[in-house]
Amino acid sequence: MRVIIVGAGLAGLTCAKVLNERGAEAVVFEASDGVGGRVRTDEKDGFLLDRGFQVYFTSYPVSRRHLNDEALDFRVFDPGAVIQRGRERSVLSDPLRDPKALVPSLLSGAANFEDKARIVALAAKVLPGEASSAGEENGEEDSTTLDYLRQSGFSERFIDSFFRPFYGGVLLNRELTTSARVFRFTLRMLAMGSTVVPARGMGEIPRQLASHLPPDAIRLNSPVDALLREGERVVGVWATGEEHEADAVILATDAPTAGKLAGEPVPEDSVGEVCIYYETSGLGGGKKILLNAEEDAFINNAVEVSNVSEHYAPRDRSLVYAVTLAGFNLPDDQLYRRGIEDLSNWYPEATFDPIAIRRIPYGQFAQPPGIHEKLPKNRTATPGLVLAGEYTEDSSINGSMLSGEKAAQEVLGA
Ligand SMILES: Cc1cc2nc3c(=O)[nH]c(=O)nc-3n(C[C@H](O)[C@H](O)[C@H](O)COP(=O)(O)OP(=O)(O)OC[C@H]3O[C@@H](n4cnc5c(N)ncnc54)[C@H](O)[C@@H]3O)c2cc1C
């Protein structure tokens with residue numbers, strides 16, 4: 001059986017890996033010059049620049065089936081967060097797993113005792129659960145994360161100081177209008193494992209997946225322009241000026257491209273971020289993520305990523321990722337300047353030298369309440385055509401890999 005997969009993101013690569021393991025011939029057509037889709041790492045002057053600040057949760061149930069953790073040499077973030085409100089700094093230790101941590105961080109003022117007790121209770125409540133947010137029902141009607149947190153009794157101050165910037169960073173949505181199912185799934189992943197990056201950058205994840213495939217299975221710089229149809233059936237793709245035939249075609253692009261190529265309804269809205277990279281003289285924030293609790297935050301979250309893995313910066317040098325959820329249309333000099341304003345306010349002693357900027361308007365498909373019932377399935381009504389991608393599950397590394405796995409099983413008839 002010959003299967004063409006369109007897109008070498010995590011969904012497409014996982015799909016190709018499963019098909020290859022099961023003896024099918026999988027050929028991946030990728031529009032860009034590398035594998036990984038939204039999960040790639042660039043190198044500049046010895047600094048590793050992930051395309052946007054992304055992390056991996058070791059508890060992701062699907063991805064752990066396909067990844068060799070040891071080879072990825074995961075480096076672990078410290079749990080909790082450093083919360084900045086102007087010059088005021090609070091260190092939130094590990095509210096999810098270490099009740100003892102309640103005592104010292106109680107002094108912080110960012111969370112009161114009830115908030116800490118509630119978050120421990122909430123983490124216990126979401127265990128165990130499903131393999132992705134799509135299955136994460138709790139018997140109640142879906143709501144926004146904000147409503148769910150309010151119903152769970154959290155104080156507005158804790159919501160503003162912790163949940164907004166933290167989930168702003170994870171779900172690229174500081175307003176907390178994302179589905180509470182996504183929130184619960186993410187909370188469970190946080191509670192069950194560690195938050196990590198591969199020692200040599202997030203791009204190592206897709207590279208490892210691709211390494212399971214024969215060398216000629218992935219065709220880079222090969223955008224698919226159209227699907228080939230015979231009557232109702234999809235029989236291949238049109239790419240690089242040629243027809244390529246297949247027994248099945250799996251569309252593993254981002255949702256809008258899949259929608260255009262297939263004519264299938266897909267989620268259209270998205271959320272994104274701008275990631276600003278600076279060399280720094282050092283923040284002293286250790287391996288914790290820094291969160292901006294200010295109401296009019298420009299930088300939402302930041303991290304001295306070279307503290308987490310020394311490979312992210314040349315020896316004796318330090319790298320900061322600073323993320324803003326605004327400013328997509330600002331010129332580079334203004335982005336750099338506004339980022340430095342926030343960071344210097346928090347760390348007046350530190351220096352910040354611009355390295356690069358990456359604007360990512362399409363970071364994740366938008367996941368408002370109720371979205372999961374409306375997501376497309378892998379199987380389409382068109383014979384020979386299967387969909388894969390985060391948008392059939394949830395926007396995450398785990399969700400996209402689950403979708404790739406299911407798409408392969410669909411084609412194999414498993
Ligand atoms: C800034 C940011 C932060 C994130 N943070 C996290 C996080 O912390 N943790 C987490 O789990 N997830 C995170 N995510 C989400 C996660 O990265 C995505 O859900 C996942 O990578 C999507 O994979 P995919 O394979 O579905 O799609 P994509 O990665 O978009 O892959 C689609 C591929 O299709 C290719 N393509 C498109 N059109 C064509 C065409 N016509 N022909 C051939 N190829 C084509 C594209 O070039 C691309 O390689 C984040 C995403 C971003 C962008």
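Indexing begins at 1, ligand by ligand and atom by atom, following the structure's order. By convention here, the first residue in the shown sequence is residue 1. Scope of the values below: all heavy atoms of this structure, side chains included, with no hydrogens, waters or symmetry mates.
- In this structure T186 satisfies the side chain to side chain donor-acceptor pair (under 3.5 Å) test with no other residue, sequence neighbours excluded.
- Atom SG in C275 sits 8.5 Å away from atom CG in N301 (nearest 0.5 Å).
- Between V224 and ligand 1, at least one N/O pair is under 3.5 Å apart.
- Looking only at atom types and distance, the side chain of R85 has a donor-acceptor partner in the side chain of S161 under 3.5 Å away.
- Every atom of ligand 1 with a heavy atom of I397 under 4.0 Å away is listed here by number and element: 10 (C), 11 (O), 12 (N).
- Those atoms of ligand 1 with a heavy atom of G389 less than 4.0 angstrom away are 26 (O).
- For G52, no nitrogen or oxygen atom sits less than 3.5 Å from a nitrogen or oxygen atom of ligand 1, counting backbone and side chain alike.
- Where the criterion is an N or O separation shorter than 3.5 Å, residue side chain and backbone included, S396 meets it with respect to ligand 1.
- Below 4.0 Å from some heavy atom of V39 lie the following atoms of ligand 1, by number and element: 17 (O), 21 (O).
- The protein atom (non-hydrogen) at minimum distance from atom 19 (O) of ligand 1 is E390 OE1, 2.7 Å.
- Taking the six-membered ring where the residue is Trp, the centroids of F163 and F183 are separated by under 6.0 Å.
- Between T253 and ligand 1, no pair of N/O atoms sits closer than 3.5 Å.
- Contacts between F53 and ligand 1 below 4.0 angstrom, taking non-hydrogen atoms only, involve the backbone exclusively.
- Counting heavy atoms closer than 4.0 Å to ligand 1, residue E273 contributes side-chain atoms (C-beta onward) but none from N, CA, C or O.
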Exercise for the section: Please report the C-alpha distance between D69 and R64 in whole Å, then the side-chain angles of each, then the deciding distance to 0.1 Å, and finally whether the salt bridge (charged side-chain N to carboxylate O under 4.0 Å, His left out) criterion is met. Expected result: CA-CA 8 Å; D69 289 12; R64 67 198 303 184; 5.9 Å; no

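- Taking each of S222, A252, G37 in turn, the one with a heavy atom nearest to atom 32 (C) of ligand 1 proves to be A252.
- Of the charged side-chain nitrogens involved, none lies within less than 4.0 Å of a carboxylate oxygen, so that E405 and K17 do not count as a salt-bridged pair.
- When the options G7, A258, A11 are ranked by their closest heavy atom to atom 25 (O) of ligand 1, first place goes to A11.
- With hydrogens left out, the protein atom closest to atom 49 (O) of ligand 1 is E30 OE1, 2.6 Å, a heavy atom.
- Under the salt bridge (Lys or Arg N to Asp or Glu O under 4.0 Å) rule, D332 has a single partner from R338, R359, R358, which is R359.
- Contacts between A239 and ligand 1 below 4.0 angstrom, taking non-hydrogen atoms only, are absent altogether.
- The side-chain hydrogen bond (donor to acceptor under 3.5 Å, both in side chains) test with E390 singles out one residue from S403, S400, S395, and that residue is S395.
- Near G363, meaning under 4.0 Å from one of its heavy atoms, ligand 1 places the atoms 51 (C), 52 (C), 53 (C).
- Of the charged side-chain nitrogens involved, at least one lies within less than 4.0 Å of a carboxylate oxygen, so that R75 and D73 count as a salt-bridged pair.
- No hydrogens or angles considered: nothing links the side chains of T178 and Y167 as a donor-acceptor pair under 3.5 Å.
- The protein non-hydrogen atom at the shortest distance from atom 24 (P) of ligand 1 is S400 CB, 3.9 Å.
- Ligand 1 has a nitrogen or oxygen under 3.5 angstrom from a nitrogen or oxygen of Q54.
- One finds a salt bridge joining E373 and R181 here, because a Lys/Arg side-chain nitrogen approaches an Asp/Glu carboxylate oxygen to under 4.0 Å.
- The residue among I360, D254, N221, T195 with a heavy atom at the shortest distance from atom 37 (C) of ligand 1 is D254.
- Among all protein heavy atoms, the one lying closest to atom 31 (O) of ligand 1 is G9 CA, 3.4 Å.
- Checking only distances, L10 does come within under 3.5 Å of ligand 1, N or O to N or O.
- Among all non-hydrogen protein atoms, the one lying nearest atom 27 (O) of ligand 1 is R38 NH2, 3.2 Å.
- Counting the atoms of ligand 1 from 1 in the order shown, those under 4.0 Å from a heavy atom of S395 are 15 (C), 19 (O).
- No side-chain N or O of N398 forms a donor-acceptor pair with one of S396 less than 3.5 Å apart.
- Classification of the F185-Y60 ring pair by plane angle, with boundaries at 30° and 60°, yields parallel.
- Remark: aromatic rings of Y312 and F47 are distant, center separation not under 6.0 Å.
- Counting heavy atoms under 4.0 Å from ligand 1, residue V55 touches it through both backbone and side chain.
- Summary of contacts: the protein heavy atom closest to atom 44 (N) of ligand 1 is A31 N, 3.1 Å.
- Considering backbone and side-chain N/O atoms, Y60 comes within less than 3.5 Å of an N/O atom of ligand 1.
- Annotation: atom 38 (N) of ligand 1 to nearest protein heavy atom, T257 CG2, 3.4 Å.
- In this structure, K377 does not pair ionically with E410, as no charged nitrogen and carboxylate oxygen lie closer than 4.0 Å.
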